[in-house]
Amino acid sequence: LHVRSRRQRQMCIRDRIAELEVLSLFKHDSSQEGIKIHKNASPALVAAAQRLHEKGLTDQRDGGYLTSLGHDAVESVQLLQNILKAPQPA
């Protein structure tokens, strides 16, 4: 890969990780609780919250509440976290 495309791919990966981090802040079993990403949070988290809103996963640019698509995404994030935390057979 060219250096430029590798750099773009790395930035894309960092963006997705930040989005996963924001999604993991939501409680998957409650539709009554939202989150707020404050302006003084890390720029990566602020931008991730905005992207999630643009993708239709949240109802506010700074977090807010999950949409139905957002609830599906959070359930998937929780499932992935549980899989990755599971002890590996010897």
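Everything numeric in this text was worked out from a predicted model, so none of it was measured.
- The CD1 atom of Ile37 lies 8.5 Å from the CD atom of Glu21; values are rounded to the nearest 0.5 Å.
- At least one donor-acceptor pair closer than 3.5 Å links the side chain of Thr67 to the backbone N or O of Leu57.
- Residues Val46 and Lys39 form no side-chain contact, since every pair of their non-hydrogen atoms from C-beta on lies 4.5 Å or further apart.
- Contact between Ala18 and Ala44 at its shortest, heavy atoms only, is CB-O, 3.8 Å.
- Pairing each heavy atom of Leu23 with each of Ala73, the nearest pair is CD1-CB, 4.1 Å.
- Val22 and Ile17 fall into different hydrophobic clusters, where Ile, Leu, Val, Met, Phe, Trp and Tyr side chains are chained together by heavy-atom contacts under 4.5 Å.
- Around atom NZ of Lys55, more than 12 heavy atoms belonging to other residues, nucleotides or ligands sit under 6.0 Å away.
- Counting heavy atoms from C-beta on, the side chains of Phe26 and Val77 never come closer than 4.5 Å.
- With salt bridges taken as basic N to acidic carboxylate O contacts below 4.0 Å, one links Glu19 and Arg16.
- The salt bridge (Lys or Arg N to Asp or Glu O under 4.0 Å) contacts involving residues 69-81 comprise nothing, where partners must be two or more places apart or lie in separate chains.
- The structure places CG of Leu52 at 9.0 Å from CG of Leu66, a figure rounded to the nearest 0.5 Å.
- You'll find the side chain of Gln50 stays beyond 4.5 Å of the side chain of His53, heavy atoms only.
- The main-chain N or O of Glu54 is never found under 3.5 Å from a side-chain atom of Arg61 such that the two would form a donor-acceptor pair.
- In this structure a side-chain-to-backbone donor-acceptor pair under 3.5 Å is present from Asp59 to Tyr65.
- Interatomic distance, CG of Leu20 versus CD of Gln81, reported as 8.5 Å (0.5 Å rounding).
- Annotation for Ala49 and Gly63: closest pair CB-N, 4.3 Å, computed over non-hydrogen atoms.
- Going from atom CD of Gln78 over to atom CG of Asn82 covers 6.5 Å, rounded to the nearest 0.5 Å.
- If you take CZ on Arg7 and SG on Cys12, they are separated by 15.5 Å, rounding to the nearest 0.5 Å.
- We find the CG-NE2 distance between Leu45 and His38 to be 12.0 Å, quoted to the nearest 0.5 Å.
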